[in-house]
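Below: the structure, in structure tokens.
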2 protein chains.
Amino acid sequence: MIRLIRKFTYLCRVITQSDLPDKPLAILNTALKLFAEYGFHGTPTSKIASEAGIAHGTIFHYYKTKDALVNALYEHIKSDLRRYLTDHIKESDGIRERFRDLFYYSVQWSLEHRDEFYFTQQFKYSPHLKNSGAEDLAQQHSLHRKLYKEALQTKTFKPVSIDLISSIAMSQMVGTYNYLADANLPAKKQSTVINDTFDMLWSMFETPDQP
Amino acid sequence: MIRLIRKFTYLCRVITQSDLPDKPLAILNTALKLFAEYGFHGTPTSKIASEAGIAHGTIFHYYKTKDALVNALYEHIKSDLRRYLTDHIKESDGIRERFRDLFYYSVQWSLEHRDEFYFTQQFKYSPHLKNSGAEDLAQQHSLHRKLYKEALQTKTFKPVSIDLISSIAMSQMVGTYNYLADANLPAKKQSTVINDTFDMLWSMFETPDQP
DNA sequence: GTCTATATCTCGATAGAC
DNA sequence: GTCTATCGAGATATAGAC
């Protein structure tokens, strides 16, 4: 009898397509939503469970501890952003284009994923968490540093410390994001701002023309 | 008898000058130290008390709740920074000098007060706290916005949104700080970097020469 | 795998002597 | 004002049925 009910429930979900039984992902998603609103210390696991429509204990089946959940969420977001960026950057483009796209789409992604962005900031400034190996979300070596390295080697950039470039570029993205997140401009104007701030950034490091 | 012991203890403190009975301040200081290491959620009030060498209950005599303590600490730091900046900026200077000093000493202060800086970042990204009226530490209207406003009105700056200037300038400071905090350069080199990054910032917004 | 029920513990806050 | 002792809420994590 109970078995029948289970089957029925399952079929209902399949038919309505509304709620695939991907519990681990559901946990991550509701956790993110709640963390963005209350912070991870202000969010009890019991609330994540009830909000996600699952039993409290189930969380600990997928994530041994709350910390593990938080870290898993961070990794999840990180790989999301990574995929998004690699999807939007053409390897065949010139270095300026690639840098522009990296900048542009990093800001764009943050604007379209504000909870995710906010969460990563919280995460970054949470000393007691075991952020072992959790370098800055955007210090994704392979994407950023490779690019800066190339720009330095080809003398596209003035000879400055790569860490300085990295820090300043990162800040410029965050600054642009902060402005746009509050300003609420129409999409087109938003794009203009991102491009303009990128131009400023570029001109900071570009090697001046040799006549 | 006990009264005598008390008096004796008090006199000892006065003589050694080692530990003025300024408990509220001592609480703030050790709280800051611990918050920087464990975060404020990872730091129980009991630990603050024991580390500060006072009784647990005493904390709640000065600060009704833990949240109140956190907020008091934030205000304390904010006014410290404010005093530091106003002490270092000459009102009689030209606008470029004043902006430079604001930038320079903001970074400098952060480098000399890393725990304080780190704490304010934690604070900024703590959604559940009653940060009512806790605007960004550096969005201290009277210091920053007044300056930007003046630069815009005197056409020293290109006509850009003041919020954009504010966001970008702030980010540039944070970016410069992040770089220097990791790089560990000698003091002289540090100054050079701050000045150089300020020049970049300035040239972003400066009105080009009209011939 | 998922649920309910519960064990265990830590922390913030209070009470009351001194 | 400062201390000690303690209370009670609420949190994570586990046990065990289904």
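Order of the sequence lines sets the chain letters (A, B, ...), proteins ahead of strands, with each chain counted from 1.
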Problem - Partners passing salt bridge (charged side-chain N to carboxylate O under 4.0 Å, His left out) against B:Arg98 (at least two apart in sequence or in another chain) - result: B:Glu150
Exercise for the section: Taking only the side-chain heavy atoms of A:Phe60 (C-beta and beyond), determine which of D:dG1, D:dT12, C:dG1 contains the nearest atom. Expected result: D:dT12
Practice task
Tell me, please, which residues at least two apart from A:Thr58 pass side-chain hydrogen bond (donor to acceptor under 3.5 Å, both in side chains).
Solution key: none
Fill in the blank from the handout: From OH of B:Tyr62 across to C1' of C:dG12 the rounded distance in Å is 19 Å
Exercise for the section: Grab the NZ-C1' distance between A:Lys64 and D:dA15 for me, whole Å please. Expected result: 16 Å
Handout entry: Contacts of type side-chain hydrogen bond (donor to acceptor under 3.5 Å, both in side chains), residue A:Ser191, not counting sequence neighbours
Key = A:Tyr104
Filtered N/O pairs between nucleotides 3-8 of chain C and protein, under 3.5 Å:
from, atom 1, to, atom 2, distance (Å)
C:dC3, OP2, A:Ala55, N, 2.8
C:dC3, OP2, A:Thr58, OG1, 2.7

Exercise for the section: Return the value, rounded to whole Å, for the distance between atom CD1 of A:Ile27 and atom P of C:dT2. Expected result: 8 Å
Exercise for the section: Sequence neighbours left out, what passes salt bridge (charged side-chain N to carboxylate O under 4.0 Å, His left out) with A:Glu112? Give chain and number order. Expected result: none
Exercise for the section: Write down the distance between CZ (B:Phe40) and P (C:dC11), rounded to a whole number of angstrom. Expected result: 17 Å
Practice task
Could I get the full list of side-chain hydrogen bond (donor to acceptor under 3.5 Å, both in side chains) partners for B:Arg96, not counting sequence neighbours?
Solution key: B:Asp199
Practice task
Not counting sequence neighbours, which residues clear side-chain hydrogen bond (donor to acceptor under 3.5 Å, both in side chains) with B:Asp196? List them please.
Solution key: none
Practice task
Kindly compute the distance separating CZ (B:Arg145) from OG (B:Ser166), expressed to the nearest 0.5 Å.
Solution key: 5.0 Å
Completion exercise
From CG of A:Asp22 across to P of C:dT2 the rounded distance in Å is 10 Å
Show me the protein contacts with nucleotides 8-11 of chain D, counting only N or O atoms at under 3.5 Å.
none

Practice task
State whether B:His61 places a side-chain N or O below 4.0 Å from either non-bridging phosphate oxygen (OP1 or OP2) of D:dT2.
Solution key: no
Problem - salt bridge (charged side-chain N to carboxylate O under 4.0 Å, His left out) partners for B:Asp80, two or more places apart - result: B:Arg83
